[in-house]
There are 2 protein chains.
Amino acid sequence: MTGVQLLPVTGMPEVRSGDVLAALVAAAAGDEPGLRDGDVVVVTQKVVSKAEGRMVPADPASVRHLVEAEAVRVLRRRGELLITETRHGFVCANAGVDSSNVDRGHAALLPVDPDRSARRIRDGLRARAGVEVGVIVSDTFGRAWRRGVTDVAIGCAGVAAVVDLRGTTDASGRRLEVTEVAVADELAAAAELVMGKASSVPVAIVRGVDRSWLRESSVRAEIVRPAGEDLFR
Amino acid sequence: MTGVQLLPVTGMPEVRSGDVLAALVAAAAGDEPGLRDGDVVVVTQKVVSKAEGRMVPADPASVRHLVEAEAVRVLRRRGELLITETRHGFVCANAGVDSSNVDRGHAALLPVDPDRSARRIRDGLRARAGVEVGVIVSDTFGRAWRRGVTDVAIGCAGVAAVVDLRGTTDASGRRLEVTEVAVADELAAAAELVMGKASSVPVAIVRGVDRSWLRESSVRAEIVRPAGEDLFR
């Protein structure tokens with residue numbers, strides 16, 4: 001029976017600007033759950049933004065200006081809620097500007113380049129812990145048509161964003177119609193199950209994923225849908 | 001270290017119209033991974049549709065008519081692809097009509113009431129295996145703005161569709177802004193990680209979820225966003 005394990009990494013300290021996340025993650029993972037070759041380490045955007053100095057002073061009045069500065073396009077407005085496109089090409093509420101789980105009087109902006117953030121953590125874990133892992137930076141987004149938020153990947157390194165099953169056949173020999181699975185988003189969603197929104201577990205390990213998924217990749221290149229092929233922008 | 005396990009249920013037989021899924025799942029789960037109180041059993045739409053007689057004769061020409069009959073609204077068209085709203089309120093490609101992983105010359109329609117399908121499996125597992133589990137019926141949907149498909153919940157029983165964290169506070173005592181997490185969709189996405197599209201594993205068990213999530217619920221009531229509150233319909 002081959003399964004996959006979702007393992008919370010508890011005991012992460014409060015993250016501050018300039019912290020080296022790979023060092024904090026390696027220390028917090030410790031011996032249990034540890035870090036093993038082939039693990040996928042999912043790190044929430046919040047701690048990445050903190051480490052990268054993306055916290056900015058903000059009060060309820062100025063958050064709106066921050067949102068407008070971070071957005072390259074506003075798709076919809078309803079009251080305080082703006083559905084925006086960010087520089088990265090993400091479509092999300094309020095350009096990803098977030099004032100929960102941050103110091104009072106501050107808001108967290110998205111990392112400038114979340115794929116690069118993931119690479120930096122991956123490289124750091126390789127150097128410090130001697131492990132070859134995939135890394136996903138996750139964030140919490142709403143969706144069109146469905147209530148509730150889920151965690152998705154905003155950056156990745158060393159693990160596929162999308163697995164292309166084109167050309168493979170299903171159990172009856174028929175070519176598969178649905179072919180490109182956004183496994184990075186599924187990994188981010190799975191990790192959220194052991195993080196919880198209020199419990200301050202910003203890192204989780206997904207252990208036992210298909211080894212063929214562990215390759216160079218990028219959320220920006222593989223998941224962000226260019227506006228030209230998007231039916232809803 | 002409390003983690004969550006994703007366990008594929010291998011050895012499910014080919015499902016036919018009239019089959020009692022609870023019996024097949026209980027037999028396939030066997031002793032390993034077995035079924036335990038508090039497990040969430042994720043079953044793909046395809047086998048639910050097969051068991052419920054939702055397979056219909058179809059060829060490439062007639063599939064289009066099926067799609068139009070199953071849809072209550074077409075949101076977008078691009079070539080062969082129709083983005084549709086189904087009777088259930090789901091927005092998905094081609095009204096959920098699927099001709100992969102089914103007998104040649106046939107297509108699978110969505111279950112008439114996937115929440116009811118989930119309840120039936122849950123009740124059957126309680127009666128046959130003496131276990132109190134949650135059940136999710138999952139399907140594979142595309143998304144606006146992001147490439148790749150992910151599995152989501154189209155029906156559930158005995159497990160929350162959405163967990164409402166409103167009123168809880170984050171680690172710094174601030175009220176959370178993002179509050180309603182679609183855990184049923186995250187559970188469906190997590191389960192897909194051990195199913196694979198081409199490997200014919202239509203059932204997986206998620207073991208170790210937060211016990212407070214195991215309650216009566218419904219995808220239709222909690223996740224389907226009414227058109228009136230939807231910004232993208």
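Labels below follow one simple rule: chain letters A, B, ... track the order of the sequence lines, proteins then strands, and each chain is numbered from 1. Here the structure is a predicted model, which is why all the values come from computation and not from measurement.
- The backbone N or O of Glu186(A) sits nowhere less than 3.5 Å from a side-chain atom of Glu192(B) that would complete a donor-acceptor pair.
- Between Trp145(A) and Leu75(B), the shortest heavy-atom contact is NE1-CD2, 4.0 Å.
- For a residue to count as touching a neighbouring chain, one of its non-hydrogen atoms must lie under 4.5 Å from one of that chain's; by this rule Val224(B) touches chain A with the backbone only.
- Summarising the geometry of Ala189(A) relative to Ala189(B), their closest heavy-atom pair is CB-CB, 4.0 Å, with the distance given to 0.1 Å.
- Within 6.0 Å of CZ on Arg16(B) lie no more than 12 heavy atoms contributed by other residues, nucleotides or ligands.
- Of the atoms belonging to Arg146(A), heavy atoms from both backbone and side chain fall under 4.5 Å from chain B.
- Per-residue heavy-atom pair counts under 4.5 Å with chain A were compared for Ile83(B), Leu6(B), Val163(B), Ile205(B), and the maximum is reached by Leu6(B).
- Note on Ala191(B), Ala93(B), Ala227(B), Ala153(B): by heavy-atom pairs under 4.5 Å with chain A, the leading option is Ala153(B).
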| said: Evaluate Val4(A) against Gln5(B) for side chain to side chain contact (heavy atoms under 4.5 Å, CB included), listing each step before the verdict. | reply: CA-CA 6 Å; Val4(A) 164; Gln5(B) 288 178 286; over 6 Å; no
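- Counting heavy-atom pairs closer than 4.5 Å to chain B, the top residue among Arg233(A), Glu229(A), Arg77(A), Glu222(A) is Glu229(A).
- For the pair Arg147(B) and Ala221(A), the tightest heavy-atom approach, listed with the atom from each and the gap, is NH1-O, 3.2 Å.
- Comparing Val152(A), Asp210(A), Val219(A), Val206(A) by heavy-atom pairs within less than 4.5 Å of chain B, the highest count is held by Val152(A).
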| Between Leu231(B) and Leu81(A), is a side chain to side chain contact (heavy atoms under 4.5 Å, CB included) present by the stated rule, with each step listed? | CA-CA 11 Å; Leu231(B) 297 171; Leu81(A) 174 70; 4.3 Å; yes
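- Heavy-atom pairs under 4.5 Å with chain A were tallied for Val162(B), Thr150(B), Val209(B); the largest tally goes to Thr150(B).
- Neither the backbone nor the side chain of Glu85(A) comes within less than 4.5 Å of any heavy atom in chain B.
- The shortest heavy-atom contact between Ala190(B) and Leu193(A) is CB-CD1, 3.9 Å.
- When all heavy atoms of Arg143(B) and Asp185(A) are compared, the closest pair comes out as NH2-OD2, 2.7 Å.
- Residue-environment remark: CZ (Arg36(B)) stays at or below the threshold of 12 foreign heavy atoms within 6.0 Å.
- The parts of Leu187(A) that come within reach of chain B are both its backbone and its side chain, each placing non-hydrogen atoms under 4.5 angstrom from that chain.
- Minimum interatomic distance between Ala144(B) and Ala144(A) (heavy atoms only, all atoms of both residues): CB-CB, 4.5 Å.
- At a 4.5 Å heavy-atom cutoff, the contact between Arg78(A) and chain B is made by side-chain atoms alone.
- Of the atoms belonging to Thr10(B), not a single heavy atom falls under 4.5 Å from chain A.
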